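Only one structure is covered here, and it is reproduced in the block below.
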Amino acid sequence: MTTESTATGTAAAPSDTADREVVTTRVFDAPRELVFDAFTDSAHVSGWWGPRGFTTTTHEMDVRPGGVWRHIMHGPDGTDYPNYIVYREVVRPERLSWAHGTAPGEPASFDATVTFEDEGGRTRVTLRSVFPTAAARDYVVREHGAIEGARDTLERLAEHLASPG
């Protein structure tokens, strides 16, 4: 398995948002349907979502365009981080996109798109987060370790897929 992360886009998929995005890619030894389920089933999500040391409590998860995933990420230091995601696109098992904020009615902190590509029984996941400005992206990379957090999160997903339950 490989994990690639960058705060400036990827050579394989350059875009006009490259200066304000974080892109993380990893190939999983699991079929695309299972990996997609891991992102859209709260029973799976609680087993892996978030950087190492975090746990996640889901309060609501309605995976459809306009549906909401409201959850709290509990940090290893006891800090709770509320998250409020509104799904924009759900194309099973190919793609998810959402606006990611902290509470209803507040502007999204960033937009995310996850793509799931079948590679002969394995699955390539690309998680692309696009921030409103390059400064906003640089802040979360510098102050919150967004790149390391994304890598940790996908590493935890690999561990979960190896032994779901």
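As the structure is a computational prediction, the values presented were derived from the model and not from experiment.
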For the student: nearest non-hydrogen atoms of His71 and Thr58, plus distance: CB-CA, 3.9 Å

Hydrophobic cluster membership, with links at side-chain heavy-atom distances under 4.5 Å among I/L/V/M/F/W/Y: are Leu96 and Trp49 in one? yes

Electrostatic pair Arg32:Glu117 at N-O distance under 4.0 angstrom: no

Are His100 and Tyr84 close enough that their ring centres sit under 6.0 Å apart? no

Kindly give the heavy-atom pair with the smallest separation between Met73 and Pro51, and that separation in Å. CE-CD, 3.6 Å

Is Val114 reachable from Leu34 through a run of hydrophobic residues whose side-chain heavy atoms are each under 4.5 Å from the next? yes

Check for a donor-acceptor pair, side chain of Arg95 on one end and backbone N or O of Glu89 on the other, with a separation under 3.5 Å. no

Nearest-0.5 Å distance, CZ of residue Arg20 to OG1 of residue Thr133: 8.5 Å

If I take atom NE2 from residue His59 and atom CZ from residue Arg70, how far apart are they, to the nearest 0.5 angstrom? 6.0 Å

Salt-bridge present (Arg52, Glu159; N to O < 4.0 Å): yes

Side chains of Thr102 and Glu106, heavy atoms from C-beta outward: is any pair under 4.5 Å? yes

Check: Ser97 side chain, Thr113 main-chain N or O, donor-acceptor pair, under 3.5 Å: no

Separation between CD1 of Ile85 and CG of Asp62, rounded to the nearest 0.5 Å: 13.0 Å

Do side-chain atoms of Arg26 reach the backbone of Arg124 as a donor and acceptor pair under 3.5 angstrom? no

Can you tell me if His44 and Asp37 form a side-chain donor-acceptor pair at under 3.5 Å? no

If I take atom CG from residue Leu127 and atom CZ from residue Phe116, how far apart are they, to the nearest 0.5 angstrom? 9.0 Å

How long is the span from the CZ atom in Arg151 to the OG1 atom in Thr25, to the nearest 0.5 Å? 11.0 Å

With a 4.5 Å limit on heavy-atom distance, are the side chains of Phe54 and Tyr81 in contact? yes

Among Phe28, Trp98, Trp48, the one residue meeting ring pair (Phe, Tyr, Trp, His ring centres under 6.0 Å) with Phe39: Trp48

Spacing of CZ belonging to Arg128 relative to CG belonging to Asp111, to within rounding of 0.5 Å: 12.5 Å

Nearest heavy-atom neighbours spanning Met61 and Thr40: SD-O, 3.8 Å

Keeping Ser163 on the side-chain end and His160 on the backbone end, is there a donor-acceptor pair under 3.5 Å? no

If I compare all heavy atoms of Val35 with all of Ala30, which pair ends up nearest, and what's the gap? CG2-CB, 3.9 Å

Closest heavy-atom pair, Thr24 versus Ala150, reported as atoms and distance to 0.1 Å, is OG1-CB, 3.3 Å

If you apply the rule side chain to side chain contact (heavy atoms under 4.5 Å, CB included), what do you find for Ile72 with Asn83, and how did you get there? CA-CA 6 Å; Ile72 296 176; Asn83 289 266; over 6 Å; no

In terms of hydrophobic clustering (I, L, V, M, F, W, Y; side-chain heavy atoms under 4.5 Å; direct or indirect links), are Tyr87 and Val91 co-clustered? no

Determine the minimum heavy-atom distance between Gly47 and Arg156, stating which atoms define it. O-NH2, 4.1 Å

Judged by modelled atom types alone, do Thr123 and Glu119 share a side-chain donor-acceptor pair under 3.5 Å? no

Among Asp80, Thr79, Thr56, exactly one meets side chain to side chain donor-acceptor pair (under 3.5 Å) together with His74. Which residue is that? Asp80

Quick one, Asp138 and Val141 - any side-chain contact, counting heavy atoms below 4.5 Å? no

How are the rings of Phe131 and Phe110 set to each other: parallel, tilted or perpendicular (split at 30° and 60°)? tilted

Would you indicate whether the side-chain heavy atoms of Glu60 and Trp69 approach each other to under 4.5 Å? no

